[in-house]
Amino acid sequence: DNGHLSPIFVAAGGKGTGPRYCPSLDAKYHKFPGRTHLVWLEPEGLTSNVVYPNGISMGFPHEIQEQIVHSIPGLEQATMLSPAYSIEYDYILPTQLRPSLET
C-alpha cells in the first residue's frame, strides 16, 4: 500500500533501476507481488545485541520501515537503530566528462 512512498519508483515514474543482485524490499514487492519474502536475522557480532534483518533493505520513510519491521513475527518490539535507504544507479561515459568531472 506504500509503493507511492518508495523513492526509487517515485523518482523514475515507477521504473527505477536499483542494484541488480540486492533488490530492495519495495523492488521485490513490485516485481513479485503476492510472494513471501524471506528475512534472515544476522547477529552483528559475538559480543553485540544488535541484529541485522537481511533481506528487507528499502527506501520507505522511517515510519513505514518501523511498521514493516514490527510486522515480522518476533520483531514486534524491536528498536530500529538506523533506517535503510535506497540507491539508484546511473552511468556517464568517461569520455563525456570534462577534467572538472562535469558533463
Side-chain angles (χ1 to χ4, degrees):
D1 294 339
N2 294 304
H4 66 286
L5 299 174
S6 172
I8 195 166
F9 292 106
V10 171
K15 297 181 176 125
T17 304
R20 180 175 174 191
Y21 295 107
C22 186
S24 64
L25 182 66
D26 32 339
K28 288 184 217 177
Y29 183 80
H30 181 74
K31 198 174 217 179
F32 308 107
R35 284 195 186 174
T36 300
H37 304 286
L38 299 177
V39 177
W40 293 266
L41 300 178
E42 300 178 353
E44 286 289 313
L46 295 175
T47 60
S48 173
N49 290 329
V50 177
V51 175
Y52 177 75
N54 194 351
I56 59 169
S57 63
M58 62 187 106
F60 291 117
H62 186 261
E63 302 80 31
I64 303 299
Q65 291 187 36
E66 282 189 322
Q67 289 175 12
I68 292 170
V69 168
H70 292 156
S71 74
I72 298 170
L75 299 182
E76 297 87 354
Q77 301 298 316
T79 301
M80 197 165 67
L81 300 178
S82 177
Y85 56 91
S86 289
I87 59 170
E88 187 171 0
Y89 294 112
D90 203 351
Y91 182 77
I92 298 173
L93 291 172
T95 55
Q96 296 176 331
L97 292 174
R98 298 183 184 133
S100 63
L101 299 180
E102 296 174 301
T103 56

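Just so you know, these numbers come straight off a predicted model, no measurement behind them. FYI, the numbering just counts along the sequence from 1.
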Problem - Nearest atoms (heavy-atom pairs only) where Val51 meets Pro53 - result: O-CD, 3.5 Å
Handout entry: Same cluster (ILVMFWY, side-chain, under 4.5 Å), Phe32 and Ile72
Key = no
Practice task
Verify, without hydrogens or angle tests, whether Gln65 (side chain) and Gly59 (backbone) share a donor-acceptor contact under 3.5 angstrom.
Solution key: no
Practice task
Consider only side-chain heavy atoms of I, L, V, M, F, W and Y, link residues closer than 4.5 Å, and tell whether Val69 and Tyr52 are in one cluster.
Solution key: no
Problem - Partners meeting side-chain contact (heavy atoms from CB on, under 4.5 Å) with Ser48 (sequence neighbours left out) - result: Glu44, Val50
Exercise for the section: State which residues pass side-chain contact (heavy atoms from CB on, under 4.5 Å) with Pro43; sequence neighbours excluded, sorted by chain then number. Expected result: none
Completion exercise
Between the CG atom in Leu75 and the CG atom in Leu41, the distance rounded to the nearest 0.5 Å is 5.5 Å
Problem - Linked, directly or transitively: Met80 and Ile68 (ILVMFWY side chains, under 4.5 Å) - result: yes
Problem - side chain to side chain contact (heavy atoms under 4.5 Å, CB included) partner of Phe60, the single match among Met58, Glu63, His62 - result: Met58
Practice task
Can you sort out the partners of Ile92 under side-chain contact (heavy atoms from CB on, under 4.5 Å), two or more places apart, ordered by chain and number?
Solution key: Gln96, Leu97, Thr103
